[in-house]
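Okay, here's the structure, questions in a sec.
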Amino acid sequence: MAAAQGRSSDGTGGMDDVKDTQAKERGAGVPEVPPAFNSAVEALRNARLRPQVEVEPTPAPQRLAPYAYALEAVVLDGEQELADGRLVLLHDPAGHDAWHGTFRLVTLVRAELEPEMAADPLLPEVCWSWLTGALQSRGLTYGEPSGTVTRASSHYFGGLSERPAASQIEIRASWTPLEGLGGVPDTAAHLASWCDLLAQVGGLPPAAPGDGSVVTLPQRRGPQSR
């Protein structure tokens with residue numbers, strides 16, 4: 001991802017995609033996008049986040065729920081990318097038995113590891129505790145958490161033998177956010193917690209309470225630089 005914090009939206013992605021989908025659905029005789037989902041997405045777009053984490057809308061999966069909105073993020077230290085991830089908001093107005101609610105958050109978080117950290121046998125448990133701790137630290141209530149923590153190592157041979165061995169941690173998780181007034185969860189707070197998790201996985205220190213060095217979610221960035 002190319003760095004572009006603070007850039008204004010060019011109208012591509014984000015709520016415009018939701019509105020386009022809404023218009024198509026009305027034309028097909030399907031009810032318009034629920035107000036609760038619109039409110040939840042708008043809160044994501046207006047969230048204020050720590051500046052090291054850059055977030056932008058990305059195409060959402062189409063088959064997981066009737067309505068979906070997705071974000072991708074990267075944690076940067078100068079020009080160095082420390083971690084990256086994806087957060088998807090799902091909504092089914094009819095409810096979902098497995099969710100025990102009408103909203104669900106699904107995430108993927110990845111980061112490269114130092115060799116000594118990769119060798120820690122407790123690493124998966126620690127990484128999972130980072131996820132639950134990030135939610136609890138902001139006082140968020142959630143239910144039905146589930147997920148996996150995967151540790152992978154790559155060793156290079158032949159023409160690639162000069163490359164050093166590399167290790168990566170990957171967290172895949174989902175949880176049901178508590179629905180508040182009007183059936184809308186506090187998606188902005190959940191996004192902030194997710195960014196805390198990304199930063200922690202990337203090795204950054206926790207943000208200080210009441211830290212004013214936050215930025216509004218950028219609406220659009222340039223093409224990915226990876």
Closest non-hydrogen atom pair between P59 and A70, with its separation: O-CB, 3.9 Å
Side chain to side chain, R151 and P124, heavy atoms closer than 4.5 Å: yes
Spatial distance of atom CD (E81) from atom CG (L76) [nearest 0.5 Å]: 6.5 Å
Straight-line distance of E170 CD to C127 SG, nearest 0.5 Å: 11.5 Å
Plane angle bin for Y67 and F37 - parallel if under 30°, tilted between 30 and 60°, otherwise perpendicular: tilted
Value rounded to 0.5 Å, distance of CD1 in I169 from CZ in R110: 13.0 Å
Contact summary for A40 and F103, nearest pair of heavy atoms: CB-CE2, 3.9 Å
Transitive ILVMFWY side-chain link L44 to L140, under 4.5 Å: yes
Side chain proximity check, L87 to L105, heavy atoms < 4.5 angstrom: yes
Gap separating the CZ atom of R104 from the OG atom of S146, nearest 0.5 angstrom: 5.0 Å
Set of residues satisfying side-chain hydrogen bond (donor to acceptor under 3.5 Å, both in side chains) with respect to H190, sequence neighbours excluded: W175
Same cluster (ILVMFWY, side-chain, under 4.5 Å), V106 and W130: no
S193 (side chain) donor-acceptor with A134 (main chain) under 3.5 angstrom: yes
Non-hydrogen atoms of T176 and G101 that approach each other most closely: CG2-CA, 4.3 Å
Heavy-atom check, side chain of Q52 versus side chain of L82, under 4.5 Å: no
Greater than 12 external heavy atoms within 6.0 Å of L181's CG: no
Test item: R86 and L71 side chains (from C-beta on) under 4.5 Å apart, heavy atoms: no
Least distance between heavy atoms, A98 atom then E144 atom: O-CG, 3.9 Å
Partner residues of W99 under the ring pair (Phe, Tyr, Trp, His ring centres under 6.0 Å) criterion, sequence neighbours left out: H96
Distance (rounded to the nearest 0.5 Å) between L123 CG and W128 CH2: 14.0 Å
same_hphob_cluster(Y69, L108) at 4.5 Å side-chain heavy-atom cutoff: no
Side-chain heavy-atom pair P61, V88 within 4.5 angstrom cut-off: yes
Spacing of OG1 belonging to T107 relative to CG belonging to L197, to within rounding of 0.5 Å: 6.5 Å
Polar side-chain atom of E179 near backbone of T102 as donor-acceptor pair, under 3.5 Å: yes
Within one Ile-Leu-Val-Met-Phe-Trp-Tyr cluster: Y142 and L178, side-chain cutoff 4.5 Å: no
Minimum heavy-atom distance L198-G85, with the two atoms named: CD2-N, 4.0 Å
Backbone of A43 reached by a side-chain donor or acceptor of T187 within 3.5 Å: no
Ion pair D196/R138, N-O distance below 4.0 Å: yes
Polar side-chain atom of Q62 near backbone of A60 as donor-acceptor pair, under 3.5 Å: yes
Common cluster, L135/L90, ILVMFWY with side-chain heavy-atom separation under 4.5 Å: no
